[in-house]
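Here the structure is laid out as structure tokens; the discussion comes afterwards.
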Amino acid sequence: MHTGDWPKTAEDALAVQERLRGLVDLVDDLAELPPTVTGLDVAYDGADGIAAAVVTLETTGLTVVEQRTHRARAVFPYEPGLFAFRELPPLLAALERLDREPDVLVCDGHGLAHPRRFGLACHLGVLTGLPAFGVGKTRFVGSHAEPGPSRGSAEPLVDAGEEVGAVLRTQDGVKPVYVSAGHRIALAHACRLTLALAPRYRLPETTRLADRLSRVALR
DNA sequence: GCGACAG
DNA sequence: ATCTTGTCGC
């Protein structure tokens, strides 16, 4: 699937999303501590310019192994629930430029914590076949209790009676993040990894570095 | 019917 | 996401 036959309308996107949704695999085969972690993010300019960035870090030490970017024109408007169709094209292009195959993708957005249980992290996982999970900065769906005040505290994120993710405190006294599985990874594993990637700041280093790189790529 | 609504 | 100054704190 490439930008050529990319859905142009919300109706088409919903159909594609529904088709891909059947391909999600929730079996967790990922090593407890994968050698590397790859973060992805996108930045926009005032018009329709869009820049994607992917950064692969060594899981131990969080040092940069490889990083790539891709600039393009936005081909799909932002629409809650169909967010993936806006960011996926440049993200996939940037991923294809990597020399080393990622071990796991850390996405800036949600996975199963989505109205139809298929957010950006699920799309990225299914389309690449790689383990993937999402770390969102704000809630999209579901409700939850307030996590304890210390780093590592977490509460389940529940939507329509289903546990779709976790609200995880990555730093003492700082607003928590929303973690959800995307593909080939368990929620608990995603949370452990998220904590390992956020030793100092609220957001995982993968997201912080990809965010910074995408902004630079936009200039 | 009235809000809410990832980035 | 992005528009935006100063300001509080380590």
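Letters go in sequence order (proteins before strands), and every chain restarts at 1.
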Legend entry - Sugar-phosphate, base or nothing in reach of A:Asp108, heavy atoms under 4.0 Å: sugar-phosphate
Inset, instruction - Tell me what A:Ala113 touches on the nucleic acid: a base, only sugar-phosphate, or nothing, going by heavy atoms under 4.0 Å. - result: nothing
Legend entry - is_close_aromatic(A:Phe85, A:Trp6), centroid dist under 6.0 Å: yes
Inset, instruction - Taking the six-membered ring for Trp and the single ring otherwise, decide whether the centroids of A:Phe83 and A:His114 are under 6.0 Å apart. - result: no
With the side chain of [X] defined as its heavy atoms from C-beta on, choose the nearest nucleotide among [options].
X: A:Arg86; options: B:dG7, C:dT2, B:dA6; value: B:dG7
X: A:Arg215; options: C:dT2, B:dG7, B:dA4; value: C:dT2
X: A:Lys137; options: B:dG7, C:dT2, B:dA4; value: B:dG7
X: A:Glu87; options: B:dC5, B:dG7, B:dA6; value: B:dG7

Short N-O contact, [X] and [Y], less than 4.0 angstrom:
X: A:Lys175; Y: A:Glu146; result: no
X: A:Asp41; Y: A:Arg215; result: no
X: A:Arg117; Y: A:Asp159; result: yes
X: A:Arg68; Y: A:Asp99; result: yes

Inset, instruction - Using the six-membered ring for Trp and the full ring for Phe, Tyr or His, decide whether A:Tyr44 stacks on the six-membered base ring of C:dA1 (centres under 5.5 Å, planes under 30°). - result: no
Legend entry - Aro-ring/base stack A:Tyr178-B:dA6, d under 5.5 Å, angle under 30°: no
Between [X] ([atom1]) and [N] ([atom2]), how many Å, whole number?
X: A:Phe118; N: B:dA6; atom1: CZ; atom2: C1'; answer: 15 Å
X: A:Leu120; N: B:dA6; atom1: CG; atom2: P; answer: 13 Å
X: A:Arg116; N: B:dA6; atom1: CZ; atom2: P; answer: 13 Å
X: A:Tyr78; N: B:dG7; atom1: OH; atom2: P; answer: 7 Å
X: A:Gln171; N: C:dG9; atom1: CD; atom2: C1'; answer: 16 Å
X: A:Ile50; N: C:dT2; atom1: CD1; atom2: C1'; answer: 13 Å

Legend entry - Per-nucleotide pairing state of DNA chain B [Watson-Crick or G-U, under 3.5 Å; [ ] pseudoknot-crossing; | other strand]: .......
Inset, instruction - Show your reasoning for whether salt bridge (Lys or Arg N to Asp or Glu O under 4.0 Å) applies to A:Asp48 and A:Arg73. - result: CA-CA 6 Å; A:Asp48 61 350; A:Arg73 294 288 197 179; 2.6 Å; yes
Inset, instruction - By nearest nucleotide on DNA chain C, pick out whichever of A:Gly46 and A:Arg200 is the more 5' one. - result: A:Gly46
Inset, instruction - Would you indicate, yes or no, if B:dA6 has its OP1 or OP2 atom less than 4.0 angstrom from a side-chain nitrogen or oxygen of A:Arg139? - result: no
